[in-house]
2 protein chains.
Amino acid sequence: MSHPGPDLEHPAGHATIRHVAELAGVSVKSVSRVVNGEAGVRPELAERVTAAIEQLGYRRNLAASTLRRRGQRTGSIGVVIQDVANPFAATLLRAVEEVAQRRGVVVLASSIDGDAEREARAVAELVRRRVDGMILMPTSAQHGSLAEEQRLGMHVVFVDRPPVGLDADYVGADNAGGARTAVRALLDRGHRRIAYLGDTRTISTAVERLAGYRQAFVDAGVETDEELIVHDLNVSRHARAAAAELLSRRDRPTALFTAQNLITIAALHVLRGLELRQRVAHIGFDDVELGDLLTPGVSVVRQDPTAIGRTAAELLFGRLDGDDGPVRRVIRPVELVERGSGELAPLAFEG
Amino acid sequence: MSHPGPDLEHPAGHATIRHVAELAGVSVKSVSRVVNGEAGVRPELAERVTAAIEQLGYRRNLAASTLRRRGQRTGSIGVVIQDVANPFAATLLRAVEEVAQRRGVVVLASSIDGDAEREARAVAELVRRRVDGMILMPTSAQHGSLAEEQRLGMHVVFVDRPPVGLDADYVGADNAGGARTAVRALLDRGHRRIAYLGDTRTISTAVERLAGYRQAFVDAGVETDEELIVHDLNVSRHARAAAAELLSRRDRPTALFTAQNLITIAALHVLRGLELRQRVAHIGFDDVELGDLLTPGVSVVRQDPTAIGRTAAELLFGRLDGDDGPVRRVIRPVELVERGSGELAPLAFEG
DNA sequence: GTTGTCGGTGACAACGTTGTCAGCAGTGTG
DNA sequence: CACACTGCTGACAACGTTGTCACCGACAAC
């Protein structure tokens, strides 16, 4: 045990390339060559190395490997999302994963729950780990701090919410257009008191969806009633409370536009509780599972999180592959899915 | 540009500790001390270092750091799940993330979609990256290959499905008990033709849930009808087809027990399509979003993926902190949630 | 005066890997 | 005969970081 070099009898932790070299009776470099599939190793020697690797259960240490291969990729990307437990984010993440796995790239995902500080910590952590690129569903209002990372070669693609104060690729949905379409459909059926229930106003999607809502009113030459617009429903509980309050007014709205999936679900619970699902029209933004089986079906503006995630991932990998074209903004179309709840007519008189 | 050492004017990629040292006019070791918050650095010097770090946008390279700190943790864990897009897995993952984030540990998640080969690749990748531990929702039937990793100090906790051919911690739910309770409830209401629609039989949860189904029949002294047991419904399409076939038989079942959330959803669609939701009783395993708002409400056996994820993560971190007690098997209780669909009586005569 | 201790600092080696380059013996080219 | 080239192999340095240890001046104890 007093001789120099690694203890070759029984490596304490993981076997290293040196253990393998010693056991196979070759130089470490030759082992490296075999492991990396480099040409120029005699088959007989390669076989000895392979056997040694097998016997020791050797696994190349990726940290050491990428350290040496200067400037080399770590084969990892970071994805910062609001909450994996939200089906929208989860589906998007899954699509990213799919593209990444095909390339042998692993995904580091962090949920940040609308907390700008958690976002900053998550991004810093990803930089420390030298991910090759990042896909960001940001919370924060300003992303200028990422400019430095970008300059140093970090590739960033924003999803769902565009970058602010930064030139970066973006893949999102036609939020304003979708909201406008939904609200126009309600107006067309004669609704005038259409409530808007939306997320925090610092979130661009919320802002855009509200803009679409307002635009529909402008298009129709109808005035909006500011009393019917509620913001900051970033917790289910708040969304429920807001819906309950709106629906218990004497001049309650005849239709609801809920601008996000969790708000839609909260509103559905309240409508059901008040036995108003057949009487108050309702369109949500984002599809909800089983929404088609309710009575009436839940009409929604559907976006395609899989397509958004896939597109973002492909964009990111394109950048990693050297695409240095101008910054791209991809806006995916959305679709109004009519299932019943959005097609209810306004009730003339209410008890 | 011909002088040796790094080009200090304008570091090409990320600034290294050497750039910082040079700019601050100190040794690299002192920078290291400051970065790591080690004691014994004059405040004035520390300040110079901090300023240099700031100016250069230096971020410690975690790969190099953990390489040097021999045997040191990488501050990352791997989570191998079936599919992040499945709410059960997503919720579980979120709970793991939560515990990990509190400790500054990042999570590498991989969806493997019931593919044993993808599972093996994911695990190998995690080992290459020297994650500190892994949480596994396995697909494969044998996990003996992990024994070698375990011996080398890798900590593994299984969730949802127990390890086979390996001693490892496990956190799961009372699958057999939950299924038994559900089917007993159906039998108690007089159902006899109760169909079982389940996932692939290589999956232990599917096996356990089927066992619970059978046990309930044994308990009641009723014979099971093997014609009503369908397996391998690992794709929504298959589940729909199976449900449609069962329900179109002349002697169709009076009740369904769907042993997994996606199968439950598929069955709901078929039942609805055939207008049988009010006539055929139905209990699912796993809760489904909005299941309470359908008419009738969807009765389910609810497990708590958040608790499972949290428990598994805490167990894993406990091991990382040195807990070397005996292997633990945590079985979380499940709960039958009666919402209507499971309480329908069998119809005496059918058209 | 010698010795020891102190806080502070840096030179150096090492972590596990791979890039570079030199060297081997054998063969062909000028 | 010198030289270049071949396929194969290994010695060595380097990646960015941190652990080890020696050393600094100052000051106290003997």
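Letters A, B, ... mirror the listed sequences (proteins, then strands); counts begin at 1.
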Interatomic distance where CZ belongs to Arg128(A) and P belongs to dG16(D) [whole Å]
18 Å
Nucleotide dG16(D), atom C1' - distance to NZ of Lys29(B) in whole Å:
13 Å
Quickly work out the Tyr58(B) OH to dG16(D) P distance and round it to whole Å.
10 Å
Tell me which one of Val157(A), Val123(A), Val79(A) satisfies side chain to side chain contact (heavy atoms under 4.5 Å, CB included) with Met134(A).
Val123(A)
Whole-Å gap separating P (dT9(C)) and CD1 (Ile17(B))
15 Å
Does Arg18(A) have a side-chain nitrogen or oxygen under 4.0 Å from the phosphate oxygens OP1 or OP2 of dC15(C)?
yes
Where the side chain of Leu67(A) is concerned, which of dT18(C), dG10(C), dC15(D) is the nearest nucleotide?
dC15(D)
Would you call Asp132(A) and Arg103(A) a salt bridge, using N to O less than 4.0 angstrom?
no
Can you check the Ile53(B) CD1 to dT17(D) P distance for me, whole Å?
10 Å
Treating Tyr170(B) as the side-chain partner and Asp160(B) as the backbone partner, does any N or O pair qualify as donor plus acceptor under 3.5 Å?
yes
Check this one for me: any side-chain N or O of Arg68(A) less than 4.0 Å away from OP1 or OP2 of dG16(D)?
no
A side-chain contact here means heavy atoms from C-beta on lying under 4.5 Å apart; do Met137(B) and Phe88(B) qualify?
yes
Are any of Ser27(A)'s side-chain N or O atoms less than 4.0 Å away from OP1 or OP2 of dG10(D)?
yes
In numerical order, the residues of residues 30-39 of chain B whose heavy atoms come under 4.0 Å of DNA chain C are Ser30(B), Arg33(B)
Regarding the side chain of Leu45(A), the nearest nucleotide among dT9(D), dT18(C), dG16(D) is dT9(D)
Quick one: Arg69(B) CZ to dG16(D) P, roughly how many Å, whole number?
17 Å
When you check the phosphate oxygens OP1 and OP2 of dT18(C), does a side-chain N or O of Arg60(A) lie under 4.0 Å from one of them?
yes
If we only count heavy atoms from C-beta on, is the Arg121(A) to Glu125(A) side-chain gap below 4.5 Å?
no
Is the closest basic N to carboxylate O distance between Arg48(B) and Glu44(B) below 4.0 Å?
yes
Using a cut-off of less than 4.0 Å, is there contact between a side-chain N or O of Arg42(A) and OP1 or OP2 of dT9(D)?
yes
With no hydrogens and no angle check, is any side-chain donor or acceptor of Ser111(B) less than 3.5 Å from a backbone partner on Val84(B)?
yes
Report the distance from atom CG of Asn61(B) to atom P of dT17(D), rounded to the nearest whole Å.
6 Å
To the nearest 10°, let me know how far the axis at one end of the helix from dG1(C)-dC30(D) to dG30(C)-dC1(D) is tilted from the axis at the other, five pairs an end.
80°
Sugar-phosphate only, base, or nothing, as touched by Leu62(A) at under 4.0 Å among non-hydrogen atoms
nothing
Along DNA chain C (nearest heavy atom to each residue), the more 5'-positioned of Arg130(B) and Gly40(B):
Gly40(B)
Residue that, paired with Thr139(B), satisfies side chain to side chain contact (heavy atoms under 4.5 Å, CB included) out of Arg118(B), Arg161(B), Glu117(B)
Arg161(B)
